[in-house]
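Below is one structure, written out as structure tokens; comments come after it.
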Amino acid sequence: MEILDGKKISSDIKDEIAVEVAQLKAKGEKVPHLAAVIVGNDGASKTYVGAKVKACNFVGFESTLIEFPEDTTEAELLAKIEELNTNDVIDGYIVQLPLPKHIDEHKVLLAVDATKDVDGFHPVNVGRMALELPTFLPATPYGIMELLERYNVPTLGKNVVVIGRSHIVGRPMSILMSQRRAAGDATVTVAHSKTENLKELTLNADIIVVALGVAEFLKGDMIKEGVTIIDVGITRIEDASKKRGFRLAGDVDYESVAPKSSFITPVPGGVGPMTIAMLLKNTLLARSRHMENEK
Ligand code: GUN
């Protein structure tokens, strides 16, 4: 069993980006500038956005954090988005999800300028991804593809089961892994809450991507020997013995699954850190595209 070490690979990628930023600086070029918008007080979201800003500082990017209270109106948020779209200093930005219930998420994502959409959530960028055109790939699926590629996990012709059909992870994963590309060429099945024969599918899978949001859902008796496991889940479980009052659990029951796996991502330290590294990679790409247009 080999650990797919997202902490290490993301650190390598951040080092690679830092070198490129240093080269930009040496040439007197503008460095990439990422903005992050967060609405409300969700603890996990605040932690994620904080980590994204910290990563910007680490690689030498400029960053701007924009925090709105929970009762911010949709119009107020859309006004800020318009401002970010037209502000030439900002190369890319993200609107952290989920948004409060009174705000229409689709409307917000549609308002983001597609050339600054480093999350890859705008319908134009989702379409470009599906058509295998150059675009910003959504950071979590992009990070998983990068992990599979850097560890040379065989995917060509393999049976992949993606559990979960979210727009952010499950759906794009299924599209990317079926494409003719690195870590692609797989035969992909998308399973979800209505799937009737899940265990039959997972027992036949060579690679399982679990992006369901149910702690420790995938158990050892649901998989075959030698499978590759990608665990996208990260749930806070109350635990009084921990100083912060909770522990983090993935969607995979690591104890029973890891011994049967050939490759597995741990939680934490697997997919999570990769997501941040790929967001930085997208922001660097946004800057280089903007630079091309400025010429
Ligand atoms: N919420 C959960 N994952 C993500 C992500 O990758 N980007 C944004 N903006 N929000 C998220």
Item to complete: Go through the structure and list residues passing side chain to side chain donor-acceptor pair (under 3.5 Å) with K219, not counting sequence neighbours.
Response: none

Worksheet entry | Connected-component partners of L285 among ILVMFWY, side-chain separation under 4.5 Å | L34, I94, V118, F136, L279

Discussion item. Checking side-chain polar atoms at under 3.5 Å, does Y93 have a donor or acceptor matched by the opposite partner on N85?
Written reply: yes

Item to complete: Taking salt bridge (charged side-chain N to carboxylate O under 4.0 Å, His left out) as the test, write out the residues that go with E216, two or more places apart.
Response: R247

Item to complete: Flag the pair E292 and R289 as a salt bridge only when some basic side-chain nitrogen lies within less than 4.0 angstrom of an acidic carboxylate oxygen.
Response: no

Worksheet item: Which atom names give the shortest non-hydrogen contact between T155 and G184, and what distance separates them?
Response: OG1-O, 2.8 Å

Worksheet item: Is the NZ atom of K224 crowded by more than 12 outside heavy atoms at less than 6.0 Å?
Response: yes

Worksheet item: Which residues pass the side chain to side chain donor-acceptor pair (under 3.5 Å) test with T140, sequence neighbours left out?
Response: T275

Worksheet entry | V19: partners by side chain to side chain contact (heavy atoms under 4.5 Å, CB included), with sequence neighbours left out | Q23

Worksheet entry | Heavy-atom donor-acceptor pair, K30 side chain to V89 backbone, under 3.5 Å | yes

Worksheet item: Do you know the tightest heavy-atom contact between E146 and I13?
Response: CG-CD1, 3.8 Å

Worksheet item: With sequence neighbours left out, what residues match S178 under side chain to side chain contact (heavy atoms under 4.5 Å, CB included)?
Response: V188

Discussion item. Run L84 and V37 through side-chain contact (heavy atoms from CB on, under 4.5 Å) and show every step you take.
Written reply: CA-CA 10 Å; L84 291 166; V37 182; 3.7 Å; yes

Worksheet, complete the sentence: Of all heavy-atom pairs linking T235 and G213, the shortest is OG1-O, 4.1 Å

Discussion item. Grouping I, L, V, M, F, W and Y whenever their side-chain heavy atoms are under 4.5 Å apart, do I234 and V209 come out in a common cluster?
Written reply: no

Discussion item. Which residue is it: T135, N282, D119? I am looking for the one with a side chain to side chain donor-acceptor pair (under 3.5 Å) to N125.
Written reply: T135

Worksheet entry | Euclidean distance, I17 CD1 relative to L284 CG, rounded to 0.5 Å | 6.0 Å

Practice prompt. Could you tell me whether R181 and E132 have a side-chain N and a carboxylate O separated by less than 4.0 Å?
Written response: no

Discussion item. Tell me whether the count of non-hydrogen atoms from other residues, nucleotides or ligands lying under 6.0 Å of NE2 in H167 goes above 12.
Written reply: no

Fill in: Atom pair CD (E70) and CG (N41), whose distance is rounded to the nearest 0.5 Å
6.5 Å

Worksheet item: Under 4.5 Å between any side-chain heavy atoms of K52 and Q96, yes or no?
Response: yes

Worksheet entry | Side chain to side chain, S63 and K54, heavy atoms closer than 4.5 Å | no

Item to complete: Considering non-hydrogen atoms only, spot the tightest contact between D91 and P32 and give its length.
Response: OD2-CA, 3.4 Å

Worksheet entry | Beyond-backbone contact of M177 with I144, side-chain heavy atoms, under 4.5 angstrom | no

Fill in: pair T228-Y151: side-chain heavy atoms closer than 4.5 Å
no

Worksheet entry | pair Y48-I276: side-chain heavy atoms closer than 4.5 Å | no

Discussion item. If we ignore hydrogens and angles and just use 3.5 Å, is the side chain of H122 paired with the main-chain N or O of L110 as donor and acceptor?
Written reply: yes

Item to complete: Please go through V214's hydrophobic cluster and name the other residues, only I, L, V, M, F, W, Y counting, with side-chain heavy atoms under 4.5 Å joining them.
Response: M1, I3, V161, I163, L198, L201, I208, V210, L212, F217, L218, M222, I223, V227, I229, V252, Y254, V257, I264

Item to complete: Looking only at non-hydrogen atoms, find the nearest pair between A186 and V160 and report the distance.
Response: CB-CG2, 3.5 Å

Practice prompt. Would you give the length of the straight line joining atom CG of L97 to atom CD1 of I38, rounded to the nearest 0.5 angstrom?
Written response: 10.5 Å

Worksheet item: Taking only residues two or more places apart in sequence or in another chain, which ones pass salt bridge (charged side-chain N to carboxylate O under 4.0 Å, His left out) with K199?
Response: D221

Worksheet, complete the sentence: Distance col, row M129:CE vs L176:CG, nearest 0.5 angstrom, shows 5.5 Å

Practice prompt. Evaluate the side-chain proximity of V49 to E67: yes if any heavy-atom separation is below 4.5 Å, no if none is.
Written response: no

Practice prompt. Return yes if some donor-acceptor pair links the side-chain N/O of D206 with the main-chain N/O of K158 below 3.5 Å, else return no.
Written response: no

Practice prompt. Could you state whether I81 and V124 fall into the same hydrophobic cluster, counting links through intermediate Ile, Leu, Val, Met, Phe, Trp or Tyr residues with side-chain heavy atoms under 4.5 angstrom apart?
Written response: no

Response to the item:
By salt bridge (charged side-chain N to carboxylate O under 4.0 Å, His left out), D239 pairs with (sequence neighbours left out) none

Worksheet item: Going by heavy atoms in the side chains, are H106 and P123 under 4.5 Å from each other?
Response: yes

Item to complete: Check whether more than 12 heavy atoms from other residues, nucleotides or ligands sit under 6.0 Å from atom CD of E294, and answer yes or no.
Response: yes

Discussion item. Any carboxylate oxygen within less than 4.0 angstrom of a Lys/Arg side-chain nitrogen, looking at D12 and R150?
Written reply: no

Worksheet item: Does F58 have K14 sitting over its ring (NZ/CZ under 6.0 Å from centre, angle to axis within 45°)?
Response: yes

Item to complete: For T265, check side chain to side chain contact (heavy atoms under 4.5 Å, CB included) against everything at least two apart and list the hits.
Response: L4, L147, I230, D231, V271

Item to complete: Determine, using the 4.5 Å side-chain heavy-atom cutoff (strictly less than), whether V39 and I168 are members of one ILVMFWY cluster.
Response: yes

Practice prompt. Answer yes or no: is there a donor N or O on one side and an acceptor on the other, between the side chain of S10 and the main chain of M274, under 3.5 Å?
Written response: no

Fill in: By side chain to side chain contact (heavy atoms under 4.5 Å, CB included) - contacts of R236 (at least two apart)
A44, T47, F246, L248

Fill in: side chain to side chain donor-acceptor pair (under 3.5 Å) partners for D185, two or more places apart
none

Worksheet entry | Residue pair S256 / G220: nearest heavy atoms and the distance that separates them | OG-N, 2.9 Å

Fill in: Pairwise distance CE(M278) to CE(M145) - rounded to 0.5 angstrom
10.5 Å

Fill in: Rounded distance [0.5 Å steps], NZ in K194 versus CZ in R165
6.0 Å

Fill in: N293 atom CG, neighbour heavy-atom count above 12 within 6.0 Å
yes

Worksheet entry | Non-hydrogen side-chain atoms of P98 and S45 separated by less than 4.5 Å | yes

Discussion item. Do V126 and V95 sit in one hydrophobic cluster, given that two such residues count as connected whenever their side-chain heavy atoms are within less than 4.5 Å of each other, even indirectly?
Written reply: yes

Item to complete: Keeping the roles fixed (side chain from H33, backbone from R287), state whether a donor-acceptor pair exists under 3.5 Å.
Response: no

Discussion item. Please determine whether residues V112 and L78 belong to a single hydrophobic cluster, defined as Ile, Leu, Val, Met, Phe, Trp and Tyr linked transitively by side-chain heavy-atom distances below 4.5 Å.
Written reply: yes

